[in-house]
Amino acid sequence: MDWHWKNFRWLGAGVLLGSYGLKILTGRDMKKVYTHGTAAVLRMKDEVLKDISLLRENCDDIAADAKEINEKRQAEYDAQQIEDAKALLAAREGDAVPEAEG
């Protein structure tokens, strides 16, 4: 029987604490705390958005540089292929006898 009264006391304490807690949380002073907290979160959001914008710009620059490097390498590769083909044609033209395929 003592166990039931102990539970009722905890229940009563919880209801009492909840009632006063609700009054404290909805008070005028807490509204100021919520307002300052919200203002801090909004300032933080603005800073995070600035950082994300800067990061995005840097990533765009890196991607553009990488594309430029790849285009330059491809142009060099194409030029080398043309030079190799010209050398191969010159070597073939220098041969008087055509090679038999095996």
Side-chain angles (χ1 to χ4, degrees):
M1 192 72 153
D2 186 39
W3 180 78
H4 294 293
W5 286 111
K6 192 182 282 187
N7 286 340
F8 285 124
R9 281 186 272 175
W10 280 112
L11 178 66
V15 168
L16 185 64
L17 184 63
S19 297
Y20 281 117
L22 188 60
K23 286 187 181 208
I24 290 171
L25 291 176
T26 58
R28 186 175 61 207
D29 292 332
M30 289 308 293
K31 183 178 179 185
K32 289 180 185 178
V33 171
Y34 301 147
T35 303
H36 286 285
T38 303
V41 168
L42 291 174
R43 285 191 304 270
M44 183 177 62
K45 180 189 119 192
D46 291 340
E47 290 299 318
V48 168
L49 289 177
K50 286 179 189 175
D51 291 343
I52 289 173
S53 175
L54 180 63
L55 181 63
R56 189 173 289 151
E57 289 173 5
N58 287 338
C59 288
D60 289 342
D61 292 343
I62 290 169
D65 291 344
K67 285 180 183 178
E68 185 177 314
I69 289 170
N70 284 339
E71 289 172 359
K72 182 179 176 184
R73 288 182 72 182
Q74 186 63 41
E76 290 172 357
Y77 177 76
D78 291 343
Q80 184 63 41
Q81 290 293 329
I82 291 171
E83 290 299 319
D84 290 346
K86 285 180 182 178
L88 184 61
L89 285 174
R92 291 288 182 162
E93 289 174 357
D95 290 342
V97 180
E99 294 181 16
E101 294 185 18

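In this chain, residues are counted from 1 in sequence order.
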Rounded to the nearest 0.5 Å, how far does [atom2] of [Y] lie from [atom1] of [X]?
X     : Y     : atom1 : atom2 : result
Met44 : Leu42 : CE    : CG    : 9.0 Å
Lys32 : His36 : NZ    : NE2   : 7.5 Å
Gln74 : Gln81 : CD    : CD    : 9.0 Å
Glu83 : Asp78 : CD    : CG    : 12.0 Å
Arg73 : Ile69 : CZ    : CD1   : 9.0 Å
Asp60 : Leu55 : CG    : CG    : 9.5 Å

Lys50 and Glu47: CA distance, side-chain angles, deciding distance, salt bridge (charged side-chain N to carboxylate O under 4.0 Å, His left out) verdict:
CA-CA 5 Å; Lys50 286 179 189 175; Glu47 290 299 318; 3.6 Å; yes

Mind running side-chain contact (heavy atoms from CB on, under 4.5 Å) on Leu54 and Asn58 for me, showing each step along the way?
CA-CA 6 Å; Leu54 180 63; Asn58 287 338; 4.1 Å; yes

Verify the neighbour count for atom CD of Glu68: are there more than 12 heavy atoms of other residues, nucleotides or ligands below 6.0 Å?
no

Sub-3.5 Å donor-acceptor pair from the side chain of Ser53 to the main-chain atoms of Leu49, do we have one?
no

